[in-house]
Every structure is written in C-alpha cells, then in structure tokens.
Amino acid sequence: MTVGGLKHIQVVPEALDLIDIVLSQTQRKTPTVVHPGYAITRIRTFYIRKVRYAQSCFHERLTKILSDFPILEELHPFYADILNVLYDRDHYKLALGQVSRIRSLVDSFARDYVRQLKYADSLYRAKCLKRAALGRMCTTVKHLRPALAYLEQVRQHMARLPSIDPMTRTLLIAGYPNVGKSSFLNCVTNAKVDVQPYAFTTKSLFVGHMDYQYLRWQVIDTPGLLDHALDERNTIEMQSITALAHLQAAILFFVDPSETCGYAIAQQLALLRSLQPLFADKPLFVVCNKTDLGWEQQLDPATWTAIRETAEQVGAELMTASTMGDDGYASVFAVRNRACERLLALRVSLKVSGRQTDSVLNRLHVAEPKLVRTPQIPASVLERRQALRDADDALNQNTAPELACTLSTSRAGRKTERELERDHGGAGVYSMDWRKHYDLTDPAWRYDYIPEIVDGKNIADYVDPEIHQRLLALEQEETMRQSMLSDAVGDEPRADVPVDQPSDTDVALIREKARNQRRLRQQQAARDRTQRPKLSRKALLKVRKTSQAVAKRPWGRAVDPSTTKQQTRKAAHSAPVVYRTRAVSDQSLVPAGLRDVVQARHAQKLVQRTLRRAFSGREHRQGESDRFIGTRKPHHLFAGKMSLGTRSHR
Amino acid sequence: MPQGDYIEEFRRRFGERPDQREKERKRRAREPHKVAVRSKELRGLKAKIFHRERFKEKIRLRKEERALKLKDAVAKKNDTGEDRLKNAIPAYLLDREDSVRAKALTNTIKQKRKEKGGKWDVPLPKVRPLPDDEVFRVIKTGKKAKQKEWKRMVTKVTFVGDGFTRRPPKYERFIRPMALRMRRANVTHPELNVTFSLEILGVKKNPSSPLYSQLGVITRGTIIEVNVSELGLVTTSGRVVWGKYAQVTNQPELDGTINAVMLV
C-alpha cells in the first residue's frame, strides 16, 4: 500500500457535529409537510422515509470513516509498526470497532422502528415513533464522542507523517543523540531539519531526498537512541527502532569519538553491539563524526582499536566525516557515495538472484558490434592538438604556474572574452564588444551607425529584407528598356520624334498592361457584386420604374418631385444633357435597402429621433448598449392587491 | 515536531507576522458582532440549533456570575463578623433546642405516614382508561364471513410468552403483530436510581381491562413482572429474588420502548 492512503482521509467530525449534520440533512432532504387528514399509509411512508434517511446518513458517514482509516494488517510492516508506536494499535482498533458497532446499532434501531411505524394508526403516533427513532440513533452516536475525537487526532497526525517509501533506495541514519545525524541529513539533501546543540532535537523521523547516479534516494534521519532494553524505550526511540527493523536500507551508524555529545564512546559502541540483530543483511557503516574537532590526533589508540574491533564485529565499514564543511563536505560525500554504491550493488544482486529475473534474462540478447568504430579526427586537427600539447609542456617546464595562465592565451592565437575581461578591469568594468564578430559582407560596416528614426519615421517600418534584390531587378529592367528603346529607334535618333515621347512599342506595352488591369478589376467587381447587399424585388422594380420615367423625360434626369418645377425651368434654358452619371451617383448615396434619398433622409431622421428620446436626460450614458435600469421593481407595479382587474399596467 | 507541521516550521524559521497580535485582537473584538449578525440572519433549523446553544451558553455564564457574586457576598459577610454576633446565644440559653426538636418530630411522623400509605401505592395511581376500539382494530378476513368481521388486531405493544403457539387461523380471534411484541423493558430501581434492561416475564395487570391483562397488552400504568435474577437481589430470608413487579411509566406504542419503575 502506498503512503497516499494515510494522507487522504476525510475529516472526522465530532460526535455532536455528526448528529447536527445528519439531522439537518434529514430535515433538508426529506419532505416536510404532512397533515393529519392524509391517508394513513401516506403519513406512515412520510415518517418511514425520514427514519430511513437518517439511518442511511449515519451509515454512510460511519462507513466512510471505517473505509478511510487503514487496516493495520494490510499496511507495510514498517507503517503498521509506526502506527502502533505512535497511536497504540489497541486503542486504534477499539476506536474503529466502536464505530462499526454503533453503525450496526443505528441500523438495527432503524429496522425496528420502521417495523413499528408500519402499525402506526395516527399521525401523532407515527411522529412520536419517528422522534424516538432519531433520538435513539443520536444518543448512541453521542457515545462515539471520545472515539471520534481520537480518530480525528490520528488523522491529523498521519497526514503530517513524512512520506517514506519503504521499498525504495534508502540511507538510514542512526546513533546516539547529538552525534550529528541531522547535520549529515542537511548536508546531503535539501531537507532543512532543525539542528540544535542538545539531545533529542529530532523527535520523529525526517526524510530528505537526493540524487546519486541519476537515481532518487531517500535519506531518513531518526531520533537518537540510548542504550537500554527494548521495553524501556519510549515512543521517540521506538520510531528509530521501527525504521531500523523494517526498512531495507544502508545504515549509517554515527559515532562521536570526541564525546562532545555527552555520551562516552564505550556507551555508543555498546549501543551498536546491542542493535546488531537489526542490521542483518544490510550494508552497515560506522561513521566517526566531528573530525573538525580534531579528535583524530588526540584519540587514545586503545579507543581507536576498540572502535575498529566493534565495527569489525558487527560487520561494518568504518569511515570518518565532518559535517561542518571545513573539508568542503568531501568526507560527507565520500560516506554518502560509499553507502549508495554498496546498497545499489546489494539491491542489484538481490534482483539478479531473484526468481523473476530468470524469465527476463532468457529473453534478453545484448547485441555488440563486431567492428570497433573509432571517431574520425582529421590529421590537421590532431597535429594542432599535438602542437598545443607540446607548447604546454614547454611552458610548464620553463615558467612559473601563475604565468602559465597568461601565456597560454598567446598559444591559442586569440584571447577569449574571459581573458579580455580580466585584462580590462574585470567584471562590471569591461563591457563586451558584440559587434566585433558581426558577419557582414564588408567587415568595415560592423561599426556603422543605424539610426532608429529618420525624418520622424521609424525606419524599422520601412525595412525591406529584399531591398537589394529589388534594386538590382529595377536596374536590370531599366537597362533592358533602354536597350529596347535604342533598338526600336535604331542607332540614330529620329528627328521628328522627340526623345521624351514614348515609342509605339512602349505604348503597346502600356496598353496591354492597362487592359490586363481592367480585366482583373472587372472580375473582382463581378465577384464582389454577389456579396453586396441587394434591393428587394419590389424596391428594385420601383427604382427601375422611376429611372424609366426619368429616361422618358427629354432631359432624362432623376429629380426630387418637390424641386421638379424649378429644375425643369432651369433645364429648359440649358442644353438637353443627359445627367446619367449624376443620377447613378445620387443612387449610390442611398444606403442599401432604401428606395431613394428622401427615404434615406427620413430614416436618418427617425433614427435621430429615437436616439434623442432614448438619451434624453441621460447624456452620461456610454452609448446605446448601456442599458441602465434605475429601479428594478418599481413600487407601483408591485405594491398592493393583485386580484382580477386591478392591474391596468400590463 | 513532525516534518509535516508546516505552520510551526514556518514560525520557527521566519517568526510570526508582525501584525498577528493585532489581527487576533481584532478577531476577538469582532466575534460578538459576528454572533449577533448570525443570530439575526439565521432561519429555520439552523436558527433553532444556534439559539439553543446560545441559550445554554448564557445560562452557564449567568450561573457562573451568580456563583461568583454569592461567593463574594459570603466572603464579605464573613469579613464583617456581624453574622456571628447576630446568631450568638447567651450561655443561659444554650440548652434550649425545643423548637428544633419539635419540628424534627413532626417531620418524622409525616414521613412515617407517607411510607405507610406508600406500601399500597404505585407510582402511577391513575391512568386513562383505554376503550376497546382504541386497542383493537377490526380485521376483515375470510370470504363468506365478511359480514361478521369478528377478528381483532391489537394495536398496542404486547408481551407474548415463550410458550405461545398460535391457534389455527379459523379460531384465532386476536392477532398480536410481531412488530409490536416486546421482550425487554428498561426498569428503574427507584432507590438505587439506576436503570436496567430486563426481560419481561409476564403482564400482571393492565388497569384498563382484565382482557388486556390476559392478552398481555402493555400500556401506561400496566404492572409487569420482570426478571431480576441478574441484579442479585436477596429476600430477607436469604433467597435470591428472580421476579419482581414494575409499573410501566411511558407509552410504549409511542416510544418504541418500555420504561418501567420497579415496585419495591
């Protein structure tokens, strides 16, 4: 089972809260209106439903609790034991057992009362029975108060347990209090465990994670252990013991030979010996910590041999470390790497020797190339490398090492940017020259200034990446034309044709182009026409009629009837000109769907009038879409009686 | 501190927010206002629950206050020493306790009389008589005998003994439904003030009608016999009592249980 099961338990309500929840839910989710005049069967089902609903609510809630909490037998033994140590297995089981018992009691009450309700002969009796049923359910659930409170506490604590995966690669740190276990964890992982200079700072298991050989490792820090019998150990120590007993991990047993932890080295070794049964089949390391205190020089040789002998006796590898970082954490990482290697080797060997691997190995075939293909390096490169190497050797022999650095720049042929920076005042002073290596046609252009704005215009808007080609094309065309011109005219220019005048071929060319353009335009127009707004058939007929009428008149002009007289008079004086184009342009002023200018003007007027009305007194409105309604429910529409005929407003 | 205690961990690393105290104080100060708003706005069942809780809380507070005041008052009184002076009796009057003794005498006489009467009394001396049509419902069975309709079903809680076997349906006049048969009663011992769930041995008497007693109908005021062998009661002669009478104090058909008081 994964750790997730422990972490996602729903909140356990208090007993009284549970009762409130269920009762109000029953009230909300079942019908509430019943009358003594109803048929007795209807009354009975009304109350039976309430009893059944309350029972199912209780049942559901309690079942949820029972199914959420893990069954200790189904957990990994490590977790089962940890839960036993922390919450006491008996207490835990009793609490869950009580919940289950109360659940079945609630069920039996409901069954009993539903049976009695079937014989209820009045509303009063049914109601009394329902009341008694709910009351008894609530009373029994009330007895769950201590159990539920305990379970809630357990739930909260479980959610905060570190997520330890018992199956994965693990380093386990153990030892006496205050020997530097937590400091080690802080060194090798990202965890930030509290480190204090007193015993039992760490009161529970802590987990950190790290990467080694592209694998994820977990490191577990355990609370300090004292050397006494198992039954004398307290809860804090028992957590360490559980971890030591159940996790298949590399164990780093920390020892403090400087004895600044407050415990003699003999005691620490005694603990190591007494814990030996827990170390069976696990890579074990005895890490002598706090070398930064200089105990290595002062240590009594007898003590040193004692440590070594004990380590040999329990089958441990002896290492030293300092978590203070005076050696750049080299010793710490040496310990870590060694432990990881051994554990990894052990795990792999276990896997290989396991039964599962046989079936896989049978199917495996590792293909190996027969030819060994070495990388192809050109001879010139090899020569160059050799030359560099020779130069290097020569320098190292002749010059001091600090000079070698500066001199090495010259042998490479060019300075690196880093060196340039160092020569010109270091970081922050030297600014790198970006333009130096611009790849341009003419290297002289590298430092040309490119203005951003010219004549008030951003030149970036006019940049044409293909401007060069265009220019070339243009120039080519020009030369071609000039040559054509000279061909047509002949070598000697004609006297009667001025040089500026276009030739016949030129004209022909231009005309041809114009024709093409016109055709294109027409096609475009034809395409557009299909999508243009259209007049309705009726309107179109009218338009045609008027235009025909106009065409019958001698001057053939579309006129406003109001102004006809004036215009006829005027027209009589003037020549009979057909203003056809003018009439068409008038028509184009009319918006689509309207007959003529008069109608259009009228429509505009209407629009303006409605706008004026809509906006009158509300000039602050954003626009037409700002549909503000001042009073949502005007009083005169909603007050007063509403019998037939009193509402005249709607 | 476990690893997952992120709130404590945060406080340890970064300390409290600078305005935490102020926020807490404000929250405390706002609390009564919030409660007031809730009490105004809640409706229905929620309001009922809320007000019941609030009512209880107020009673508790008032009681505490009263107790405090009383304590203060007593302390004050004791401080003045006037009380002692007022109750002080001169030496020549110290023997006279006549009035007190007389009162005690009358009290004992009254008590005795009461006890004497109590021997014949039951806790519920008067109960409402139950008419037949309330206790029995007419059952229509059979085909030809429909007009007669002589079968009855008992609608009250009944006790049916272990040895009971039904008569053949043709001769079965009274039907006592299984759902309404009860075998146990919650019996309170009036002197010990404890309640036991005891087995019923039989119905001694139903005050409403001898027929009901015969049928084992249990209603309010019925005297039932219960098995007290578990309690280990002993008679004066040293024999273990195993049956005792008790009177039913509730209406079992409404409560679904039988509550009774033991007759001692």
Side-chain angles (χ1 to χ4, degrees), chain A residues 6-7 16-17 19-21 23-28 32 40 51 86 109-122 124-136 156-164 185 191-194 196 201-208 220-221 239, chain B residues 1-14 42-53 56 130-131 133-139 152-158 175-184 186 195 197 217-220 250-259:
Chain A
L6 303 180
K7 309 251 161 184
L16 292 180
D17 285 349
I19 290 168
D20 274 355
I21 289 166
L23 289 187
S24 62
Q25 197 174 345
T26 311
Q27 172 75 1
R28 273 185 291 121
T32 47
I40 187 67
V51 172
L86 291 172
F109 285 150
R111 206 167 40 240
D112 205 22
Y113 276 89
V114 165
R115 278 202 320 180
Q116 291 189 34
L117 268 167
K118 286 177 185 166
Y119 288 93
D121 49 8
S122 65
Y124 178 66
R125 189 169 163 190
K127 186 177 177 176
C128 283
L129 282 170
K130 176 220 87 175
R131 195 163 168 265
L134 295 197
R136 282 186 78 180
Q156 286 181 358
H157 197 273
M158 265 192 217
R160 284 159 195 210
L161 280 181
S163 315
I164 296 172
L185 180 73
K192 280 186 191 165
V193 183
D194 200 10
Q196 298 291 345
T201 311
T202 310
K203 293 192 205 63
S204 60
L205 298 180
F206 279 84
V207 158
I220 300 178
D221 181 22
Q239 292 180 52
Chain B
M1 189 172 63
Q3 205 164 13
D5 262 351
Y6 35 85
I7 294 175
E8 280 80 1
E9 185 68 15
F10 179 87
R11 292 222 173 109
R12 190 172 62 76
R13 274 192 207 155
F14 307 108
L42 280 179
R43 291 282 177 275
L45 187 64
K46 288 274 156 57
K48 247 184 181 176
I49 294 168
F50 176 80
H51 286 301
R52 200 194 302 133
E53 289 304 314
K56 274 185 202 163
L130 287 170
D133 58 347
E134 197 187 319
V135 178
F136 301 127
R137 207 169 82 200
V138 178
I139 295 270
R152 298 285 181 270
M153 187 179 78
V154 182
T155 60
K156 303 287 178 194
V157 168
T158 51
I175 298 171
R176 293 175 281 185
M178 283 301 289
L180 297 180
R181 294 184 192 176
M182 287 195 187
R183 313 193 61 91
R184 295 186 86 87
N186 303 319
T195 308
S197 172
V217 177
I218 301 175
T219 54
R220 190 160 185 265
N250 72 332
Q251 294 182 321
E253 71 275 10
L254 300 185
D255 289 349
T257 51
I258 301 173
N259 297 343

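By convention in this document, chain letters (A, B, ...) are assigned in the order of the sequence lines, proteins followed by strands, and residues within each chain are numbered from 1.
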Problem - Per-residue contact mode, A:K127 against chain B (heavy atom under 4.5 angstrom) - result: neither
Practice task
Could you pull out the closest heavy-atom pair between B:G256 and A:L129, with the gap in Å?
Solution key: N-CD2, 3.9 Å
Practice task
Sort out for me which of A:R115, A:Q116, A:Q156, A:K118 touches chain B most, counting heavy-atom pairs under 4.5 Å.
Solution key: A:Q116
Exercise for the section: Sequence neighbours left out, what passes side-chain hydrogen bond (donor to acceptor under 3.5 Å, both in side chains) with B:R13? Give chain and number order. Expected result: B:E9
Problem - A:Y124 atom OH: more than 12 heavy-atom contacts under 6.0 Å - result: no
Completion exercise
One should read off an interatomic distance between A:D121 CG and B:E253 CD, to the nearest 0.5 angstrom, of 8.5 Å
Completion exercise
For B:T257 and A:Y113 the tightest heavy-atom approach is CG2-OH, 3.9 Å
Exercise for the section: Considering only NZ, NE, NH1 and NH2 on the basic side and carboxylate oxygens on the acidic side, decide whether A:D194 and B:R12 come within less than 4.0 Å. Expected result: yes
Completion exercise
Contacts of B:R11 meeting side-chain hydrogen bond (donor to acceptor under 3.5 Å, both in side chains) (sequence neighbours excluded), chain-then-number -> none
Practice task
Tell me, yes or no, whether the heavy-atom count around A:R131 atom CZ, taken from other residues, nucleotides or ligands under 6.0 Å, exceeds 12.
Solution key: no
Fill in the blank from the handout: To the nearest 0.5 Å, atom CZ of A:R125 lies from atom NZ of B:K156 at 6.0 Å
Exercise for the section: Check whether B:L180 gets within reach of chain A through its side chain, its backbone, both or neither, counting any heavy atom under 4.5 Å. Expected result: side chain
Problem - Separation of A:S122 OG from B:E134 CD (nearest 0.5 Å) - result: 9.0 Å
Exercise for the section: Under 4.5 Å heavy-atom distance to chain B, tell me which part of A:L117 shows up: side chain, backbone, both or neither. Expected result: neither
Handout entry: From CD1 (B:I49) to CD1 (A:I19), nearest 0.5 Å
Key = 11.0 Å
